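Here's the structure, in structure tokens; my notes come after.
Computed from a predicted structure; not experimentally measured. Position 1 is the first residue of the sequence; numbering continues from there. Just so you know, these numbers use all the heavy atoms, side chains as well, and skip hydrogens, waters and symmetry mates.
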Amino acid sequence: MKPTCILIGAPIDTGQKREGCLMGPAAYRVAGLAQSLETLGQSVIDHGDVTPAPLRETDCANPAVHHLAETVAWTEALAEAGEEAMAKGLPIFMGGDHSLSLGSVAGVAAHAAKAGRPLFVLWLDAHSDYHTPLTTQSGNLHGTPVAYIAGRPGFDAFPPFPAPVPAERICLYGIRSVDQAEHSGLLETDMTVCDMRVLDERGIVAPLREFLDIVRAENGLLHVSLDVDFLDPGIAPAVGTTVPGGTTFREAHLVMEHLHESGLVSSLDLVELNPFLDERGKTARLMVELVGSLMGRKVFDRPTRSA
């Protein structure tokens, strides 16, 4: 029986400085995400947009950090929404910038801990997002979720992460832009890092299949966090952090098809879509198509347009 897809809007725009990601949830709805899932036989419930928790006083020793209180408020609200949705189906968090994963994965992790199952995280992104509030130079908290998920220190202003995910259960896939502080930190972990060189040398499928085999062997839950900049900006321009050399249309669909065939995905983030930077909805439609592939649609199943 297919799990119910629960759409959760997260119009969060505080994790970085380029405005526009708050329009992401609306763009996914206009691009037909719910309808696309329903054509695949999925039951879909749209829970609407999350409202952040009340602001509380926060502070950080790093003066570069901005919108800390707002991001903490979003984290608290999304963690609650995520844990609740996990008990009812497969949550799809529609962002919003990548700081939403501070909350979405916290909620998923809380559910996994209560269920007694290990949580694995597949991070589809151009960036490692392994900064902490104390190491970030930009002050952009959308670059910190992986560190929070892995239990790195420096998140005193945030709720304690409910069950930090061991590094060996996290796979950074498709990364190609890593700051020196992040690089140094990653070298001290057992995290699986599949940067674009690894994917160029080994191919798209083999490293992904190896990670999925581990998830399956441990009966794990799998959270997938899909950042628009995982894709090459030539096919997905609607993101404020474009990095050349991302995955192609076909490579991205192949990743989604393998995830579907694994049957392991239990929750999903869609992040960093900035409709203000899009070309007539091009990127939003592509992201909706990728979710379709994740849920079982094959590229060759789509009707060919006549000339």
(message) One pair to check against salt bridge (charged side-chain N to carboxylate O under 4.0 Å, His left out): Arg209 and Glu261. What are the steps and the verdict?
(response) CA-CA 11 Å; Arg209 184 176 289 155; Glu261 291 165 5; over 6 Å; no
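Between Leu100 and Gly95 the shortest heavy-atom distance is CD2-CA, 3.3 Å. Of all heavy-atom pairs between Val72 and Thr58, the closest is CG2-CG2, 4.4 Å. Nearest heavy atom pair, residue Gly20 against residue Pro275, reads O-CD, 3.4 Å. When all heavy atoms are compared, the tightest approach of Ser104 to Ser101 is OG-CA, 3.2 Å. Closest non-hydrogen pair, Pro145 versus Leu102, comes out as CA-CD2, 3.7 Å. Taking all atoms of both residues into account, the shortest heavy-atom contact from Val243 to Arg176 is O-NH2, 2.8 Å.
Without hydrogens or angle criteria, Lys114 side chain to Ala109 main chain gives no donor-acceptor distance under 3.5 Å. Without hydrogens or angle criteria, Glu76 side chain to Ala73 main chain gives no donor-acceptor distance under 3.5 Å. For the pair Ser266 (side chain) and Leu222 (backbone), a donor-acceptor distance under 3.5 Å is present. Between the side chain of Asp232 and the backbone N or O of Gly234, at least one donor-acceptor pair lies under 3.5 Å. Judged by distance alone, the side chain of Asp13 and the main-chain N or O of Asp97 form no donor-acceptor pair under 3.5 Å. Without hydrogens or angle criteria, Asp227 side chain to Leu124 main chain gives no donor-acceptor distance under 3.5 Å.
Residue-environment remark: CD (Glu19) stays at or below the threshold of 12 foreign heavy atoms within 6.0 Å. Within a 6.0 Å sphere centred on CD of Glu80, heavy atoms belonging to other residues, nucleotides or ligands number 12 at most. Counting non-hydrogen atoms of other residues, nucleotides and ligands closer than 6.0 Å to CZ of Arg280 gives a total of 12 or fewer.
Thr136 meets the side chain to side chain contact (heavy atoms under 4.5 Å, CB included) test with Asn62, Val65, His131, Ser138; sequence neighbours excluded. Shown here are the side chain to side chain contact (heavy atoms under 4.5 Å, CB included) partners of Pro11, two or more places apart in sequence or in another chain: Leu22, Pro25, Asp49, Trp74.
Distance check: Ile8 CD1 to His47 NE2 gives 7.0 Å after rounding to the nearest 0.5 Å. With rounding to the nearest 0.5 angstrom, the CZ atom of Arg152 is 5.5 Å from the OG1 atom of Thr132. In this structure, His142 NE2 and His67 NE2 are separated by 13.0 Å, a value rounded to the nearest 0.5 Å. Interatomic distance, CG of Leu90 versus CD1 of Ile45, reported as 12.0 Å (0.5 Å rounding). Here Leu254 contributes atom CG and Leu208 contributes atom CG; the two are 8.5 Å apart, rounded to the nearest 0.5 Å. Here the CG-CG distance, from Leu273 to Asp229, works out to 11.5 Å after rounding to the nearest 0.5 Å.
Between Glu272 and Arg18, none of the side-chain N atoms (NZ, or NE/NH1/NH2) sits under 4.0 Å from a carboxylate O, so this pair counts as no salt bridge. Under the 4.0 Å criterion applied to side-chain N and carboxylate O atoms, Lys88 and Glu83 are not assigned as salt-bridge partners. Comment: Asp200 does not engage Arg197 in a salt bridge, judged by the lack of any side-chain N to carboxylate O separation of less than 4.0 angstrom.
Of the listed residues (Glu289, Arg297, Arg285, Gln42), just one forms a side-chain hydrogen bond (donor to acceptor under 3.5 Å, both in side chains) with Ser36, and that residue is Arg297.
Taking 4.5 Å as the limit, some side-chain heavy atom of Leu119 sits within range of a side-chain heavy atom of Val105. Taking 4.5 Å as the limit, some side-chain heavy atom of His253 sits within range of a side-chain heavy atom of Leu290. Two residues are said to be in side-chain contact when any heavy atoms from C-beta on lie closer than 4.5 Å; Tyr130 and Met191 meet this criterion. Residues Ser267 and Met86 have side chains in contact (heavy-atom distance under 4.5 Å, counting atoms from C-beta outward). In this structure, Ser128 and Leu186 have side chains that are in contact, with non-hydrogen atoms separated by less than 4.5 Å. Side-chain contact between Asp125 and Leu172 is absent, with no heavy atoms from C-beta onward closer than 4.5 Å.
Aromatic rings of Phe158 and Tyr148 (six-membered ring for Trp) have centroids within the 6.0 Å cut-off, being under it.
The ring-ring contact (aromatic ring centres under 6.0 Å, His included) pairs that include a residue from residues 98-118 are His98-Trp123, where partners are two or more places apart or lie in different chains.
Cluster annotation: Leu268 is not connected to Val165 through the hydrophobic network of ILVMFWY side chains, with a link wherever side-chain heavy atoms come within less than 4.5 Å. Cluster annotation: Val198 is not connected to Val255 through the hydrophobic network of ILVMFWY side chains, with a link wherever side-chain heavy atoms come within less than 4.5 Å. Under the 4.5 Å side-chain heavy-atom criterion for grouping Ile, Leu, Val, Met, Phe, Trp and Tyr, Ile92 is connected to Leu259 within one hydrophobic cluster. Cluster annotation: Phe93 and Phe120 are assigned to distinct hydrophobic clusters (Ile/Leu/Val/Met/Phe/Trp/Tyr, side-chain heavy-atom contacts under 4.5 Å, transitive). No chain of hydrophobic side-chain contacts below 4.5 Å, direct or via other Ile, Leu, Val, Met, Phe, Trp or Tyr residues, connects Tyr28 to Met23.
Looking only at atom types and distance, the side chain of Ser184 has a donor-acceptor partner in the side chain of Gln180 under 3.5 Å away. Donor-acceptor pairing under 3.5 Å is recorded for the side chains of Asn219 and Arg117. Judged by distance alone, the side chains of His223 and Asp269 do bring a donor and an acceptor atom under 3.5 Å apart. For the residue pair Thr14/Thr71, the side-chain donor-acceptor check at 3.5 Å is satisfied.
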